[in-house]
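Treat the numbers as computed from the prediction; the structure is a model and nothing was measured. Ligands are counted one by one from 1 in listed order, and the atoms in each one are counted from 1 as well. For reference, positions follow the sequence shown, starting with 1.
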Amino acid sequence: MNKTISLSLNAVALAVGAVCAAPAALAGEVEVLHWWTSGGEAKAAAALKAQLQAKGHAWKDFAVAGGGGDNAMTVLKSRVVSGNAPAAAQIKGPSLQEWAAEGVLASIDTVAKAEKWDELLPKVVSDVMKHKGSYIAVPVNVHRVNWLWTNPEAFRKAGAKVPTNWDEFFTAAEALKKAGLIPVAHGGQNWQDFTTFESVALGVGGADFYKKALVQLDAATLGGATMTKVLDTFKKVKSYTDKNAPGRDWNLATAMVIKGEAGMQLMGDWAKGEFLAAGKAPGKDFGCAAAPGTAKAFTFNVDSFAMFKLKDAANTKAQQDLAAAVMSPEFQEVFNLNKGSIPVRLNMNLAKFDDCAKLSSNDFVATAKTGSLVPSVAHGMAIASAKAGAMQDVVSQFWNDDKMTTKAAQERLVAASKTK
Ligand code: GAL
């Protein structure tokens with residue numbers, strides 16, 4: 001990878017222009033790569049833009065559509081290789097270390113020390129934001145991945161009850177089907193398939209199994225009887241999805257639940273951002289419950305912005321101001337109210353947050369103590385990106401290919417976990 005980051009002439013010209021326009025402050029521009037393009041996501045991104053602009057800097061939007069960020073990461077790689085990295089990019093989990101090892105990320109320790117981030121963040125989060133002891137990224141939120149979203153009206157019609165384990169899930173799915181509804185709204189994309197898969201793994205096998213199989217990648221656990229049951233259960237979910245699921249975007253799947261065409265969706269709480277953006281109220285128009293069998297566990301997904309090395313002083317100042325703004329209580333509140341997540345900053349007042357967020361917050365704290373707080377593989381929190389990619393491919397092939405046996409899938413999963 002090209003290690004020298006040169007600012008484009010364009011950006012320099014813009015920065016100079018901004019400095020002239022606002023002579024009092026050192027105004028710069030921050031180009032921000034993200035994939036927040038759906039209804040709720042876009043509202044949250046707008047809050048970030050507003051924070052930066054309030055500090056007198058310019059926001060250059062670099063949005064690459066595609067849930068889960070696969071497209072965004074491909075575009076980011078080519079931009080960095082060509083020596084034209086954005087100032088900030090949504091990069092998460094172990095990938096932060098991969099990028100930092102390339103020498104392209106900037107330390108934001110000055111801001112982090114001044115603002116006392118070590119005291120404001122859970123250690124499980126701050127550790128991930130640091131490379132060799134220095135902050136190279138700022139966290140935005142905590143998303144919970146193991147949720148089940150339901151349409152109460154659809155459940156009433158079907159005479160079904162919200163499931164708390166996988167047997168109940170299939171009972172509810174049958175009832176919804178008999179009532180003429182699509183039981184499970186699903187978008188057939190790798191990361192969505194794996195979002196479902198990891199919730200099934202957590203619900204069927206429990207947190208210790210999840211960690212052994214999907215975080216430590218223990219071959220005996222990945223190849224064992226519990227994983228066989230997980231794969232069979234996962235595949236059974238597919239029979240309750242509709243034929244248009246392949247390729248569908250996650251927010252369109254959420255829209256099916258919003259409209260009552262479908263009864264449930266297994267998805268992280270960015271889905272709540274969609275319900276809220278559509279004017280729906282939690283507990284009334286939609287329900288949030290832990291994915292079946294996972295009420296005592298929490299799959300976390302922390303969004304964060306990595307900062308790239310810049311040469312221009314004004315833009316570097318703008319970049320640091322962005323980092324400080326992201327951790328401010330005001331931003332943490334407004335952003336997360338729109339995004340569906342909870343603040344990553346500790347000891348925040350959650351008065352304005354709904355019951356789904358309060359449940360998430362309580363469970364985040366409780367599961368951190370019991371050891372059942374686990375990182376999401378589907379959302380790049382758990383393992384190196386090459387391994388995660390290979391495992392996601394296997395899981396999606398199994399989901400899509402009705403001829404692939406569970407045994408074959410399991411063998412391939414073990415092999416994929418050894419990807420270098
Ligand atoms: C996740 C990301 C969330 C949300 C979701 C769908 O990976 O962490 O912020 O955007 O993808 O795009």
Do Phe169 and Trp166 have ring centres separated by under 6.0 Å?
yes
Can the ring centroids of Phe305 and Trp36 be said to lie less than 6.0 angstrom from one another?
yes
Considering only NZ, NE, NH1 and NH2 on the basic side and carboxylate oxygens on the acidic side, decide whether Lys130 and Asp109 come within less than 4.0 Å.
no
Charged N-O contact under 4.0 Å between Arg345 and Glu115
no
Where does the angle between the aromatic ring planes of Trp149 and Phe286 fall among parallel (under 30°), tilted (30 to 60°) and perpendicular (over 60°)?
tilted
Looking only at distances, can you tell me whether any N or O atom of [X], backbone or side chain, sits closer than 3.5 Å to an N or O atom of ligand 1?
| X | result |
| --- | --- |
| Trp270 | no |
| Gly68 | yes |
| His379 | yes |

Against heavy atoms of [X], which atoms of ligand 1 measure under 4.0 Å?
| X | answer |
| --- | --- |
| Gly67 | 12 (O) |
| Lys339 | 3 (C), 4 (C), 9 (O), 10 (O) |
| Asp303 | 2 (C), 3 (C), 8 (O), 9 (O) |
| Trp250 | 6 (C), 12 (O) |
| Asn301 | 1 (C), 2 (C), 7 (O), 8 (O) |

Between CE on residue Met129 and CG on residue Leu96, distance to nearest 0.5 Å:
6.0 Å
From atom 10 (O) of ligand 1, work out which of His34, Glu41, Glu274, Met267 has a heavy atom at the shortest distance.
Glu41
Flag if over 12 foreign heavy atoms under 6.0 Å of CG, Asp355:
no
